[in-house]
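So the structure is just underneath, and the comments pick up after that.
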Amino acid sequence: MLDYIKGEVVELTPASVVIETGGLGYIVHISLNTYSALNGLKSCKLYVYESIREDAHLLFGFMEKRERELFLLLISVSGVGANTARMVLSSIAVYELEGIIATGNANALKTVKGIGTKTAERIIIDLKDKIKVSENFGSFPTPANASSEAAKEAVAALTMLGFNLSASQKTVAKIEKEHPTFAVEEIIKHALKIL
C-alpha cells in the first residue's frame, strides 16, 4: 500500500495531476480542494489511496491527511464509490463536510450530484460517530481571478467527472456570466450543485 507520492508537478487539471518521481509519471485523481492547494506549485507531496480493480489501478491523491481520512470513511459507506467520494469532497470543503455529518444535515449532502436521500442518510448514520470536528477549521486557498481559460478548464473537469459536454458548457457559461471573478474550482463547485 502506498502512503504518499512526492515529486514534480508535470500537469495539473481540476480532476487530476501528473506527478513525476523516479523517472515515472503517475496520474493521480484529485478533488477540487487538492487542486486549489496544488495551483502554482512545482513540486508536491500527496497522500494517496490506491484503488485496485479488475479493470484499472487508480491513484487518488490528497494534499492533507485529513482529506484522505474523510475519503476513506466515505468509501467505507455502502453505495459510495471512489468517484462519488471525490465528488463529495470537490463540492463541500473538508471542515464543512465534517460539520454536515456531525450535525446530521442530510439536505446539505443531497446537493452533491449523485447523492440521493438514502445515500445521504446512510453516510450520516455510518459516519456520525467516526467524525471528529476540529475547532481549527483550515480551508484551502482560492485564486481570485477567473477567465475564459477557467471556464474551459471547468468544462474539461466536469466532462472528466462524467457530465454531458453541452450541459457542462451551458452551466459553466451561466455561472461565469453571473460570477465573472470565480476561479476554476469555484465554477466547478457551483456547477456540481446545478448539474
Side-chain angles (χ1 to χ4, degrees), residues 13-16 29-37 49 60 62-64 66-134 137-143 146 150-151 153-195:
T13 72
S16 66
H29 301 278
I30 57 173
S31 70
L32 286 176
N33 292 326
T34 297
Y35 171 76
S36 296
Y49 166 73
F60 293 88
F62 311 93
M63 201 69 171
E64 293 187 351
R66 185 172 161 206
E67 187 179 17
R68 181 176 66 177
E69 287 163 10
L70 201 47
F71 175 85
L72 293 172
L73 286 172
L74 285 168
I75 63 172
S76 74
V77 176
S78 175
V80 178
N83 280 324
T84 303
R86 182 172 63 146
M87 185 83 73
V88 171
L89 290 168
S90 290
S91 302
I92 305 169
V94 173
Y95 67 91
E96 286 179 284
L97 183 57
E98 289 172 341
I100 286 167
I101 294 169
T103 58
N105 187 351
N107 289 330
L109 272 177
K110 289 192 298 185
T111 63
V112 178
K113 174 78 176 172
I115 302 286
T117 306
K118 286 182 182 177
T119 306
E121 289 170 358
R122 200 176 309 122
I123 289 171
I124 288 167
I125 290 166
D126 288 3
L127 303 184
K128 197 169 188 177
D129 296 333
K130 298 176 184 175
I131 293 291
K132 294 174 193 155
V133 182
S134 75
F137 292 152
S139 63
F140 292 95
T142 305
E153 278 192 54
V155 170
L158 291 165
T159 54
M160 278 189 258
L161 290 170
F163 292 99
N164 176 290
L165 177 63
S166 64
S168 298
Q169 288 171 330
K170 286 178 189 172
T171 305
V172 167
K174 182 182 175 202
I175 293 166
E176 197 178 32
K177 189 176 180 182
E178 292 172 6
H179 306 280
T181 60
F182 269 13
V184 177
E185 53 275 10
E186 292 171 310
I187 295 170
I188 297 169
K189 281 183 184 185
H190 270 68
L192 290 173
K193 292 177 182 174
I194 297 168
L195 288 168

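Computed over heavy atoms, backbone and side chain alike; hydrogens, waters and symmetry mates excluded. We number each residue from 1, following the sequence as shown.
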| said: Listing request: all ring pair (Phe, Tyr, Trp, His ring centres under 6.0 Å) pairs with a residue in residues 103-123, at least two apart in sequence or in separate chains. | reply: none
Could you tell me whether the side chain of [Y] reaches within less than 4.5 Å of the side chain of [X], counting heavy atoms only?
X	Y	answer
Val77	Thr119	no
Leu73	Ile101	no
Glu64	Val94	no
Leu72	Ile75	yes

Residue list, side-chain contact (heavy atoms from CB on, under 4.5 Å) with [X], at least two apart or on another chain:
X	answer
Ile124	Ala106, Leu109, Lys128
Glu69	Lys65
Ala157	Pro14, Ile188
Ala167	Asn164, Leu195

How long is the gap from [atom1] on [X] to [atom2] on [Y], to the nearest 0.5 Å?
X	Y	atom1	atom2	value
Ile115	Arg122	CD1	CZ	9.5 Å
Ile100	Asn105	CD1	CG	6.0 Å
Glu176	Glu186	CD	CD	12.0 Å
Ile187	Thr171	CD1	OG1	12.0 Å
Ile30	Tyr35	CD1	OH	8.0 Å
Ser76	Lys130	OG	NZ	4.5 Å

Looking at residues at least two apart in the chain, or sitting in another chain, which of them share a side-chain hydrogen bond (donor to acceptor under 3.5 Å, both in side chains) with [X]?
X	answer
Lys193	none
Asp129	none
Thr13	Ser16

| field | Residue list, ring-ring contact (aromatic ring centres under 6.0 Å, His included) with Phe60, at least two apart or on another chain | value | His29, Phe71
| message | Run the side chain to side chain contact (heavy atoms under 4.5 Å, CB included) test on Lys189 and Ser91 for me, step by step, so that the C-alpha distance in whole Å, both residues' side-chain angles and the decisive distance to 0.1 Å come before the verdict. | response | CA-CA 5 Å; Lys189 281 183 184 185; Ser91 302; 5.7 Å; no
If you look only at distance, which donor and acceptor atoms sit under 3.5 Å apart when one is on a side chain in residues 78-86 and the other is two or more places apart or in another chain?
residue : atom : partner : partner atom : Å
Asn83   : OD1  : Arg86   : NH2          : 3.4
Arg86   : NH1  : Ala15   : O            : 2.8

| task | Check for a donor-acceptor pair, side chain of Ser90 on one end and backbone N or O of Leu32 on the other, with a separation under 3.5 Å. | result | yes
| query | When you look at Ile194 and Ile175, which way does the side chain to side chain contact (heavy atoms under 4.5 Å, CB included) test go after all the steps? | reply | CA-CA 10 Å; Ile194 297 168; Ile175 293 166; 3.9 Å; yes
| query | With Arg68, which residues qualify under salt bridge (Lys or Arg N to Asp or Glu O under 4.0 Å), at least two apart? | reply | Asp3
| said: Is there a side chain to side chain contact (heavy atoms under 4.5 Å, CB included) between Leu192 and Leu158? Walk through the geometry before answering. | reply: CA-CA 8 Å; Leu192 290 173; Leu158 291 165; 3.9 Å; yes
| query | How would you list all residue pairs meeting salt bridge (Lys or Arg N to Asp or Glu O under 4.0 Å) that involve residues 100-120, not counting sequence neighbours? | reply | none
| task | Start with the C-alpha gap between Leu70 and Glu98, add the side-chain angles, then the distance that decides, and say whether side chain to side chain contact (heavy atoms under 4.5 Å, CB included) holds. | result | CA-CA 8 Å; Leu70 201 47; Glu98 289 172 341; 4.1 Å; yes
